Amino acid sequence: MPDHVRPIDLPAPETLARELGSRLPAFQDIAWTRSTGSTNADLLARARSGATAGKPWLLGTHLQETGRGRAGRPWQNREGSTLMFSCAFDVHLPAVQLPALSPLAGVAACEALRAVAGPQAAGLCMKWPNDVQWHDAKLAGVLVETTRNPGGREAGYTVVIGMGVNLTDAAELSRSLGRDVADWQQVQAQSDRQTTAADLICASATAWHDAVQTLEREGFAAFRHRFDQVDALAGRLVNVLEKGDILLSGPACGVDEQGRLLVQTPEGATPISVGEISIRRQA
């Protein structure tokens with residue numbers, strides 16, 4: 001690593017919460033803890049309890065003990081190695097549009113991290129539906145979950161968007177997982193900016209807030225061009241897998257107006273929905 005690259009230090013939870021509160025005036029409730037089970041689960045439980053007022057909420061933690069990835073896969077970290085936080089927003093959308101929140105959150109997160117890192121960090125991109133990558137290595141995972149607000153259909157939904165950004169340990173994680181993993185130090189090495197934890201959190205939280213409001217007004221069609229600007233799979237051959245079996249293969253060719261990945265097959269561009277589907281780039 002170049003000499004100017006310093007790992008991001010996480011301030012004490014109460015110090016970080018105070019700084020975020022001063023920089024995120026739109027967020028009505030901000031908290032940061034030393035440890036918790038899962039920030040996503042905590043915010044979902046709060047929404048389900050009937051405490052729906054005062055959103056957006058933000059909750060972060062230094063240590064997540066029962067974190068979950070997509071499809072409920074367990075996810076763990078050590079304190080200081082990963083920046084983990086979740087935001088909760090009220091949304092008023094038809095249920096059929098809720099799956100678009102997943103790629104939407106990935107696009108907004110990637111754009112936010114690019115803005116923080118600066119123009120030298122053009123290697124930041126997004127693998128559908130929402131993994132943020134540094135070139136072809138995973139840098140951050142995004143998890144989107146929704147629950148219906150108490151009070152019936154008119155009350156809408158609470159959407160919780162959580163993200164874990166690897167701050168350090170890329171080499172160790174790559175060895176242990178058997179795949180390429182990136183961390184923010186690698187991004188910083190190509191950037192002319194030294195960033196803080198609060199920079200990453202504030203940029204992402206603000207981007208999600210703005211994106212959710214845009215989705216409500218304009219639908220996912222407003223994000224198709226923005227998706228193209230961060231798309232890690234564009235034109236690349238992929239396999240679409242379900243439970244390990246290849247369903248179809250072909251070059252990825254963007255997304256449709258519902259946020260579904262399009263894969264070119266002999267039958268035409270086939271839309272792929274978020275779910276138990278996984279995408280593997282062909283060697």
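No experiment lies behind these values; they were computed from the predicted model shown. Positions are given from 1 along the sequence.
- The shortest side-chain heavy-atom distance between Phe220 and Leu215 falls under the 4.5 Å cut-off.
- Remark: Leu16 CG to Asp9 CG distance equals 12.0 Å, nearest 0.5 Å.
- If you chain together hydrophobic residues whose side chains sit under 4.5 Å apart, Leu262 and Val230 never meet in one group.
- Using a 4.5 Å heavy-atom threshold, the side chains of Ser102 and Pro129 count as touching.
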For this session: Before giving the answer on side-chain contact (heavy atoms from CB on, under 4.5 Å), spell out for Val159 and Trp208 the whole-Å C-alpha distance, their side-chain angles and the decisive distance to 0.1 Å.
Result: CA-CA 11 Å; Val159 55; Trp208 288 333; over 6 Å; no

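- Taking a 6.0 Å sphere around CD of Glu257, one finds it holds 12 or fewer heavy atoms contributed by other residues, nucleotides or ligands.
- The side-chain heavy atoms of Trp32 and Pro11, taken from C-beta on, include no pair separated by under 4.5 Å.
- Partners of Ala182 according to the side-chain contact (heavy atoms from CB on, under 4.5 Å) rule, which considers only residues two or more places apart in sequence or in another chain, are Trp134, Ala137, Leu139, Gln186.
- For the salt bridge (charged side-chain N to carboxylate O under 4.0 Å, His left out) condition, no pair includes a residue of residues 204-223, sequence neighbours left out.
- Sorted by first and then second residue, the salt bridge (charged side-chain N to carboxylate O under 4.0 Å, His left out) pairs involving residues 92-121 (not counting sequence neighbours) are Glu111-Arg226.
- Counting all heavy atoms, side chain and backbone alike, Asp90 lies closest to Lys55 at OD1-NZ, 2.9 Å.
- Of all heavy-atom pairs between Phe223 and Gly219, the closest is CD1-O, 4.0 Å.
- Between the side chains of Asp183 and Thr168, no donor-acceptor pair of N or O atoms lies under 3.5 Å.
- A donor and an acceptor atom, one from each side chain of Thr33 and Thr61, are located under 3.5 Å apart.
- Leu98 and Val144 fall within a single hydrophobic cluster, where Ile, Leu, Val, Met, Phe, Trp and Tyr are joined by side-chain heavy atoms under 4.5 Å apart, directly or via other members.
- Side-chain atoms of Phe227 and Leu104, non-hydrogen and from C-beta on, never get closer than 4.5 Å to each other.
- Between Ile161 and Phe89 the shortest side-chain heavy-atom distance falls below 4.5 Å.
- Taking 4.0 Å as the cut-off between side-chain N and carboxylate O, Asp136 and Arg236 count as a salt-bridged pair.
- Within the 3.5 Å criterion, the main-chain N or O of Thr82 finds no donor-acceptor partner in the side chain of Asn166.
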Problem set entry | Step-by-step side-chain contact (heavy atoms from CB on, under 4.5 Å) determination, Leu241 to Leu247 | CA-CA 6 Å; Leu241 307 173; Leu247 298 181; over 6 Å; no

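- Looking at Thr270 and Thr265, their side chains do bring a donor and an acceptor atom within 3.5 Å of each other.
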Can you give each donor-acceptor pair under 3.5 Å made by side-chain atoms of residues 19-29, sequence neighbours left out, with the distance rounded to 0.1 Å?
unit_1	atom_1	unit_2	atom_2	d
Glu19	OE2	Arg23	NH1	3.1
Ser22	OG	Glu19	O	2.7
Arg23	NH1	Asp199	OD1	3.2
Arg23	NH2	Asp199	OD1	3.0
Gln28	NE2	Ala26	O	3.3
Asp29	OD1	Arg46	NH1	3.4
Asp29	OD2	Arg46	NH2	3.3

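- No side-chain heavy atom of Leu167 sits less than 4.5 Å from a side-chain heavy atom of Ser81.
- A donor-acceptor contact shorter than 3.5 Å links the side chain of Gln64 to the backbone of Thr39.
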For this session: Test Val240 against Ile246 for side-chain contact (heavy atoms from CB on, under 4.5 Å), laying out the working first.
Result: CA-CA 6 Å; Val240 180; Ile246 297 177; over 6 Å; no

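- Residues Pro251 and Gly235 come closest through the heavy atom pair CB-O, 4.1 Å.
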For this session: List the steps, then state whether side-chain contact (heavy atoms from CB on, under 4.5 Å) holds for Thr158 with Leu44.
Result: CA-CA 8 Å; Thr158 294; Leu44 285 169; 5.5 Å; no

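- Considering all non-hydrogen atoms of both residues, Ala252 and Leu233 come closest at CB-O, 3.3 Å.
- Within the 4.5 Å cutoff, side-chain heavy atoms of Lys138 are placed close to those of Arg179.
- Distance check: Asn239 CG to Leu248 CG gives 8.5 Å after rounding to the nearest 0.5 Å.
- Alongside Val181, the hydrophobic cluster contains Leu173, Leu177 (criterion: ILVMFWY side chains under 4.5 Å).
- Going from atom NE2 of His209 over to atom CG of Leu58 covers 12.0 Å, rounded to the nearest 0.5 Å.
- Here CH2 of Trp57 is found 12.5 Å from OG of Ser86. Values are rounded to the nearest 0.5 Å.
- Side-chain contact check for Leu113 versus Leu200: some heavy-atom pair is nearer than 4.5 Å.
- Remark: the Asp180 side chain and the Ser174 side chain contain no N/O donor-acceptor pair separated by less than 3.5 Å.
- Going from atom SG of Cys125 over to atom NE2 of His135 covers 8.0 Å, rounded to the nearest 0.5 Å.
- Put simply, the side chain of Asn40 gets close to the backbone of Gly162: a donor and an acceptor are under 3.5 Å apart.
- Cys202 approaches Thr206 most closely through the heavy-atom pair O-OG1, 2.9 Å.
- Closest approach of Arg148 to Tyr157, counting heavy atoms only: NH2-OH, 2.7 Å.
- Every residue meeting the side-chain contact (heavy atoms from CB on, under 4.5 Å) condition with Gln258, not counting sequence neighbours, appears here in chain and number order: Asp256, Arg260.
- In this structure a side-chain-to-backbone donor-acceptor pair under 3.5 Å is present from Gln188 to Arg193.
- The distance from the CH2 atom of Trp184 to the OG atom of Ser191 is 7.5 Å, given to the nearest 0.5 Å.
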